[in-house]
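Lettering of chains follows the sequences in order, A, B, ..., and the numbering in each one begins at 1.
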There are 2 protein chains.
Amino acid sequence: MIGLTQRDQTVLEAIITDYIETGEPVGSRTISKRGVMNVSPATIRNVMADLEEMGLLHQPHTSAGRIPTVKGLRLYLDSIMRSRQLVGSEKDRIRDALQNRPQDIAQLLRGTSRLLSQYCRQAGVVLWPKQSIASFKHIEFLRLGPFDIMVILISKDGLIHQTHIESRDEISQGELDKHSLYINELLQNVPFSRVKQRIREEMESEKALFDRLFSMALQMANHAIQYAIEDSEIYIEGKTNLLDNPEFAHVEQMRRILQAFEDKSKMIRLLDETLKASTGIQIVLGAEGELLGEWQDMSLVSAPFRRGDTPLGVLGVIGPLRMDYSRIIPIVEFTAQFLSQMLDIADEA
Amino acid sequence: MIGLTQRDQTVLEAIITDYIETGEPVGSRTISKRGVMNVSPATIRNVMADLEEMGLLHQPHTSAGRIPTVKGLRLYLDSIMRSRQLVGSEKDRIRDALQNRPQDIAQLLRGTSRLLSQYCRQAGVVLWPKQSIASFKHIEFLRLGPFDIMVILISKDGLIHQTHIESRDEISQGELDKHSLYINELLQNVPFSRVKQRIREEMESEKALFDRLFSMALQMANHAIQYAIEDSEIYIEGKTNLLDNPEFAHVEQMRRILQAFEDKSKMIRLLDETLKASTGIQIVLGAEGELLGEWQDMSLVSAPFRRGDTPLGVLGVIGPLRMDYSRIIPIVEFTAQFLSQMLDIADEA
DNA sequence: TGGTAGCACTCACCCCAAAAGAGTGCTAGA
DNA sequence: TCTAGCACTCTTTTGGGGTGAGTGCTACCA
């Protein structure tokens, strides 16, 4: 963005601020009257024409005001806007809401998502990829039918995952119980990151080589765990908040948006990207990212949370392009930070 | 409903059928032209006037056609309508959809809910109260903090429940493991209906009276199980289908409906009622039941499913008052029946 | 007495034209 | 380089007339 004078920036900022507030195209008169700079509407019009030429603004029709383009918003976010700091009471509110839900990780994450949605009046979202589960805690095999086995996997931080596998040979519950006893002992407190390796080692041990049962148990565990930790948990709360936004006042759009949410896998993929690139706060504006068709007019503010240095997951807020970023960004930032803290504590215990 | 002649019934039926199809007020001309009875519009108008006086029809404004009232719909459902039988291929479709999801109970129930929603093009719902869980299978205590304990409870049919309790004394994971070992042995395969009694017996045994640890374990288990089985699981799928109905085309209504869904407890209470009164298919029309404010213009078609003779849960379809009952009723009925069968099989295994 | 035909009447809805309002671009002047 | 003024454009609102669906009523017929 070369050649943006101070005045250009001020005008752009004023337009975006106003647009975020009202959702309507904003005209030169409005800006002039706002008094952030003492120039006449005509002058502002000139600046606006320049900004439009640069692709930062857009005019829905000849005699309407301007609205920012995605490019304009991006520029604003990157180099003009400065987020407001949260005051103590706001931080307290977040802290309270999270600390009062100590039940288990799943509830903590869902609670976080709900908190974000309520506080930002948009949809809140939390992604928790299973790989990040701390350590193996317990496995349980359950016989559903002669060949059908359900595997229940519990991680040390209390998340539960269940899978379903088929064994090649008929198998009794008694045998399964032996399997789980064996595996539980073997993997007690092993971090998931090392589970696979540990199983491989064991498979090559003498015991496994000569004991068909044990070898089978290992295979089943391997299978189930692999499947389990590839999965992700995603918590999306407060979707109906989005309906309050006038930009989604039309039934068509509303449906489009809500239907897009039904397919969680797309959402997961998107957030996963964010997690990989995780360098603090991230903002994806509709038309930019891999947010496809349905999401054109949405935007996502997200931040990773971590335990120590390893990122665990992502949380964020989804709403229309026109969001109060200066407020939402610090909220997302602080929530991520605080959730990280809480997970640290949970781990120590 | 005294004094409904055959002709009155025919007219009422014709009006309702047409209204269900089009969603518009229906006029005398339309009915006359439909040819179900060879009378002139004028005659039909007289009948309509009678029906309106009885409170079975309603006229939005002077020069509009009639739409059925809730009272009219109720009468129609109770004594005029006869549901169409499902043909073989329709039954097959339901069977296939359910049999291809053998994973676990939770998935089966969610799948059922989704099936109902897709097949009826409305929202599908399945309620599974925890009391109905077959038998105790496994319990696991997990130490989260010095006094915080997470309890994971697995039932024989593979549903998982987790609760969180606080112990009065500090407790180690080792002790907890002993507890779970003990409880697991004690309650192996005991039906939940008898778990409480079994625990009480054990508490009075010598072993528990003199062993503080064991007594504590029993108390914890009792606590957790009590809490767990009071809970209900509810699966609501396909909410966005409702948005296709022209009666919810207005944003206000749409939001009202969707927000009503966010509070699941109300839904659970309602379905619970249905379960208690469970004598086959049940239909609750908006203004009749305890469906409060938000649900005025909705209706629920539900049926219990059972294992053997004991009802396990309820499934159904939620949609606008104007639904194709003659189609939806047999679908709900058959699905409930077939789900019952599947659960029988699952239990035998 | 029950059914039918005719007719005047009532609304909701659509369409169109006119007016209002918001905002622009351009030009001339300080 | 900024400002004031003005003509112009385009959307939105408003109001009125026409249209059509549907009714209620009355008179008439089998």
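- Nearest heavy atom pair, residue B/Tyr235 against residue B/Ser113, reads O-OG, 3.1 Å.
- Here the P atom of nucleotide C/dG6 and the CZ atom of B/Arg29 are 13 Å apart, to the nearest Å.
- In the set D/dT9, C/dC7, C/dG3, D/dT9 carries the atom at the smallest distance from any side-chain atom of A/Thr62.
- Atom CD1 of B/Ile31 and atom P of C/dT4 are 15 Å apart (whole Å).
- Side-chain atoms of B/Lys71 come within 3.5 Å of backbone atoms of B/Met54 as a donor-acceptor pair (strictly under, hydrogens ignored).
- For A/Arg7, taking side-chain heavy atoms from C-beta onward, the closest of the listed nucleotides C/dT24, D/dT23, D/dC2 is D/dC2.
- Checking D/dT3, D/dG24, C/dT4 against every side-chain atom of A/Ala42, the shortest atom distance belongs to D/dT3.
- Picking from C/dT24, D/dG24, C/dT4 the nucleotide with the shortest atom distance to the side chain of B/Thr43 gives C/dT4.
- Distance A/Asn46 CG to D/dT3 C1': 10 Å, rounded to the nearest Å.
- Distances from the side chain of B/Arg45 to the nucleotides D/dC25, C/dT4, D/dT3 place D/dC25 closest.
- A distance of 8.5 Å separates CD1 of A/Ile329 from CE of A/Met323, quoted to the nearest 0.5 Å.
- In this structure, B/Pro60 and A/Ala49 both approach DNA chain C, and ranking their closest nucleotides by distance from the 5' end singles out B/Pro60.
- Distance, A/His61 NE2 to C/dT24 C1': 11 Å, rounded to whole Å.
- Rounded to whole angstrom, the span from the CG atom of B/Leu51 across to the P atom of D/dG24 amounts to 12 Å.
- For A/Glu262, the side-chain contact (heavy atoms from CB on, under 4.5 Å) criterion is met by B/Thr240, not counting sequence neighbours.
- Summarising the geometry, the separation between CD on B/Glu24 and P on D/dG20 is reported as 17 Å, rounded to the nearest angstrom.
- Using a 4.0 Å cut-off, some side-chain N or O of B/Arg66 falls inside it from OP1 or OP2 of D/dG24.
- Distances shorter than 4.0 Å separate none of the side-chain N or O atoms of A/Ser63 from OP1 or OP2 on D/dT11.
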Atom pairs under 3.5 Å: protein N/O with N/O of nucleotides 27-30 of chain D:
none

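- The two atoms that bring A/Tyr19 and A/Arg322 nearest to each other are O-CD, 3.1 Å, heavy atoms only.
- Between the CD atom of B/Gln59 and the C1' atom of C/dC9 there is a distance of 13 Å, given to the nearest Å.
- Put simply, CD1 on B/Ile15 is 15 Å from C1' on D/dA21, counting in whole angstrom units.
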Stepwise side-chain hydrogen bond (donor to acceptor under 3.5 Å, both in side chains) test for B/Thr335 and B/Tyr119: CA-CA 11 Å; B/Thr335 308; B/Tyr119 208 176; over 6 Å; no

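- Heavy atoms only, all atoms of each residue included: A/Leu116 and A/Gly124 are closest at CB-CA, 4.2 Å.
- When each of D/dG5, D/dG24, D/dT3 is scored by its nearest atom to the side-chain atoms of A/Ser40, the top-ranked nucleotide is D/dT3.
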